[in-house]
Amino acid sequence: RVRWAAGSEVYKRRAYDVLAEVCGLFEPAPAGPGVNEMAVWSVVHGYASLRHFTRGQSPQTGAPIPIEALLPHLTPRR
């Protein structure tokens, strides 16, 4: 179980707020508002975990898979 330092909720909230602000530059996902940041957050955390456990390599080449290959397609707002 992860134990967060006292006051870390503020930092976690700020980090997510930055992510939501950046994702606000893109058109909302078809599933609705807030989905882009949930998708990006999930991919980034999953990618970091896989890389930590050396599971983020291409099965064909053994080279690391760039995170850009895994991110959902985001359309910039006009």
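Remember, it's a predicted structure, so these values are computed and weren't measured experimentally. All heavy atoms count here, side chains included; hydrogens, waters and symmetry mates do not. Numbers here simply count residues along the sequence, with the first being 1.
Atom OH of Tyr16 is surrounded by more than 12 heavy atoms from other residues, nucleotides or ligands within 6.0 Å.
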Check residues 22-47 and write down every donor-acceptor pair under 3.5 Å in which the side-chain atom is one partner and the other belongs to a residue at least two apart or another chain.
unit_1	atom_1	unit_2	atom_2	d
Asn36	ND2	Glu27	O	2.9
Ser42	OG	Met38	O	2.8
Tyr47	OH	Ile65	O	2.6

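Glu21 meets the side chain to side chain donor-acceptor pair (under 3.5 Å) test with no other residue; sequence neighbours excluded.
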